[in-house]
Amino acid sequence: NECAGGLYMMDLKNNPTIPDFVGCFEDDGYTHDVQCVIYKGNDNRYTDKEICFALNENTITIIDVTNKQSPAELSRTAYSQARYVHQGWLTEDHNYLLLGDELDEQGLGLKTRTIVLNVRDRKSTRLTQSHHDLVCRLLLEKKKKKKKQKKKKKNKSKKTKTNNER
């Protein structure tokens, strides 16, 4: 119940077995999932600062938590058809956040999708793409590619035999 279900920040440095409470961010209600990083992306204003990407039921909220006693909201983004913003992960370059919605399939009858959020500019976060059945499509593309390569190899082998017979 502390921090209204939002970010509850602790310091593990002094005593990891009994961490110290150091701050809250409760301005956007309940946080279901969060990824906090030492930022290394394109937005130089935040390089080397501790930035959290919080998935808060119906929004994605980006918070600068470098100063734990005074965290600063950088952006709060909603997207259409949000039902329960569930889990997310930043790309290695910290430019995109890939996320899933736990209830959009049930509530809206959508197929499983991965939502891609452009977070290059922390203050101007925007939805880039939504991929339905992304994993299935990637697997099918991989299967097709292998099939093509196999066919190509087979044809090449036939040509080599024909040329050798001459």
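Residue numbers start at 1 and run along the sequence shown.
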Gap between atom CG of Leu97 and atom CD1 of Ile62 - 0.5 Å precision: 7.5 Å
Min side-chain heavy-atom separation Asn56-His32 under 4.5 Å: no
Basic-acidic side-chain contact under 4.0 Å: Arg45, Asp43: yes
Min side-chain heavy-atom separation Val37-His94 under 4.5 Å: yes
Joint hydrophobic cluster, Trp89 plus Val116, side-chain heavy atoms closer than 4.5 Å: no
Shortest non-hydrogen contact between Glu50 and Thr66, atoms and distance: N-OG1, 3.0 Å
Sub-4.5 Å side-chain heavy-atom contact between Ile63 and Leu7: yes
Cluster overlap Tyr46 with Ile60, hydrophobic side-chain contacts below 4.5 Å: yes
Under 3.5 Å donor-acceptor, Gln35 side chain and Ala54 backbone: no
Nearest heavy-atom neighbours spanning Met10 and Pro19: CE-CG, 3.4 Å
Asn42-Asn95 side chain donor-acceptor pair, cut-off 3.5 Å: yes
Common cluster, Phe25/Leu74, ILVMFWY with side-chain heavy-atom separation under 4.5 Å: no
Parallel, tilted or perpendicular, as decided by the 30° and 60° cut-offs, for the rings of Tyr8 and Phe21: tilted
Closest contact, heavy atoms only, Val65 versus Cys52: CG2-SG, 3.5 Å
Test item: Met9 and Pro71 side chains (from C-beta on) under 4.5 Å apart, heavy atoms: yes
Validation row: Asp20, Asn14 side chains within 4.5 angstrom (heavy atoms): yes
Residue pair Leu117 / Phe53, side-chain heavy-atom distance below 4.5 Å: no
Value rounded to 0.5 Å, distance of CG in Asp64 from OG in Ser75: 11.5 Å
Asp27 side chain near Arg76 side chain, heavy-atom distance below 4.5 Å: yes
Within-4.5 Å side-chain heavy-atom neighbours: Gln149 and Lys145: yes
Test log, rule side chain to side chain contact (heavy atoms under 4.5 Å, CB included), inputs Ile38 and Lys49: CA-CA 5 Å; Ile38 302 302; Lys49 292 189 177 193; over 6 Å; no
Electrostatic pair Asp48-Lys40, nearest N-O below 4.0 angstrom: yes
